[in-house]
J.: 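Below is one structure. I have some questions about it.
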Amino acid sequence: MGYPRADMEPTPESLAAPLPLPPDAEDHHDIRPRRPMLPGHLTPNWSTAFWLGWMLVAAGFAGIWYSSRVTGMATWWLGPETAPRVIFISLLPFVSPIGLTVMALMRRRWLPFWGMAGALATALVAWGDVGGPARYFAIELALAAGGLLVSVASLAGMYRTSR
């Protein structure tokens, strides 16, 4: 067919306007299910900040794990390289950060308060390393404080009760 020339009459195909998209097709890039936002949910941006912050806490513990194995100075939850702890105990510091990350990705309610409890659990893991040879407890406490700060800050992005 080609393009119509300027001296030709317009064809019915060229006069037809494009059809509008259905209302649900405009937001097809959003893959999250449409659920109503209830009091206690985080806004999408705060939810992203929350899970990213707690994932960084988990990455910090992975760095401690690697550093402990390279230097040969063990944390209480890893044990010495010659007699390592049971894997369930070795993974204990990752339970709170990864659990909170999954909860944020699943859009659970009251995440800031769960995050504060997770920061307390992370601080208890750090308490076990107080007095250890490598002083890993300082880094672990800093990770717990970072998780606490993310959780407290995310209170700003929590939906409140409707008026």
J.: Count I, L, V, M, F, W, Y as connected when their side-chain heavy atoms are under 4.5 Å apart, and connections chain through other members. Are Val125 and Ile64 then in the same cluster?
T.: yes
J.: Are the side chains of Leu42 and Pro112 in contact, using a 4.5 Å heavy-atom criterion?
T.: yes
J.: Is the side chain of Thr71 donor-acceptor paired with the backbone N or O of Ser67 at a distance under 3.5 Å, no angle test?
T.: yes
J.: For residues Val86 and Val95: do they belong to one hydrophobic cluster (side chain heavy atoms under 4.5 Å, members Ile, Leu, Val, Met, Phe, Trp, Tyr)?
T.: no
J.: Can you check whether Leu92 reaches Trp76 side chain to side chain, under 4.5 Å on heavy atoms?
T.: yes
J.: Rounded to the nearest 0.5 Å, how far apart are CH2 of Trp77 and CG of Leu91?
T.: 9.0 Å
J.: For Thr101 and Pro97, indicate whether the former's side chain and the latter's backbone hold a donor-acceptor pair under 3.5 Å.
T.: yes
J.: Ignoring hydrogens, what is the shortest heavy-atom contact between Pro39 and Trp110? Give both atom names and the distance.
T.: O-CZ2, 3.6 Å
J.: Any side-chain donor paired with an acceptor under 3.5 Å for Trp65 and Thr75?
T.: no
J.: Should Trp54 and Met103 count as side-chain neighbours, where that means a heavy-atom distance under 4.5 Å?
T.: no
J.: So, for Phe50 and Val150, which heavy atoms are closest and what is the spacing to 0.1 Å?
T.: CA-CG1, 3.8 Å
J.: Honestly curious: do Trp46 and Leu155 fall in one hydrophobic cluster under the side-chain, below-4.5 Å linking rule?
T.: yes
J.: Looking at Arg135 and Gly132, would you say the former's side chain and the latter's main chain have a donor-acceptor pair under 3.5 Å?
T.: yes
J.: Do you know which two heavy atoms are closest between Gly60 and Leu143, and how far apart they sit?
T.: C-CD1, 3.6 Å
J.: Counting only heavy atoms not in Trp127 (residues, nucleotides, ligands), do more than 12 fall under 6.0 Å from its CH2?
T.: no
J.: Ile87, Ile98: one ILVMFWY side-chain cluster at the under-4.5 Å cut-off?
T.: yes
J.: Could you report the tightest heavy-atom contact between Pro44 and Tyr159, atom names first, then the distance?
T.: CD-OH, 4.4 Å
J.: A side-chain contact here means heavy atoms from C-beta on lying under 4.5 Å apart; do Arg108 and Trp114 qualify?
T.: no
J.: Looking at every non-hydrogen atom in both residues, tell me the closest pair between Pro84 and Glu81 and how far apart they are.
T.: CD-O, 3.6 Å
J.: Please round to the nearest 0.5 Å and tell me the distance separating atom OH of Tyr136 and atom CG of Asp129.
T.: 9.5 Å
J.: Can you tell me how far CZ of Phe61 sits from CG of Leu78, rounded to the nearest 0.5 angstrom?
T.: 10.5 Å
J.: Looking only at heavy atoms, which two atoms of Val152 and Met116 are closest? And how far apart?
T.: CG2-CE, 3.9 Å
J.: Nearest 0.5 Å, what's the CG-CG distance between Leu100 and Leu105?
T.: 11.0 Å
J.: Measure the spacing between CG of Leu141 and CG of Leu148 and express it to the nearest 0.5 Å.
T.: 11.5 Å
J.: I'd like to know if Leu149 and Ile139 are part of one continuous hydrophobic network [Ile/Leu/Val/Met/Phe/Trp/Tyr, side-chain heavy atoms within less than 4.5 Å].
T.: no
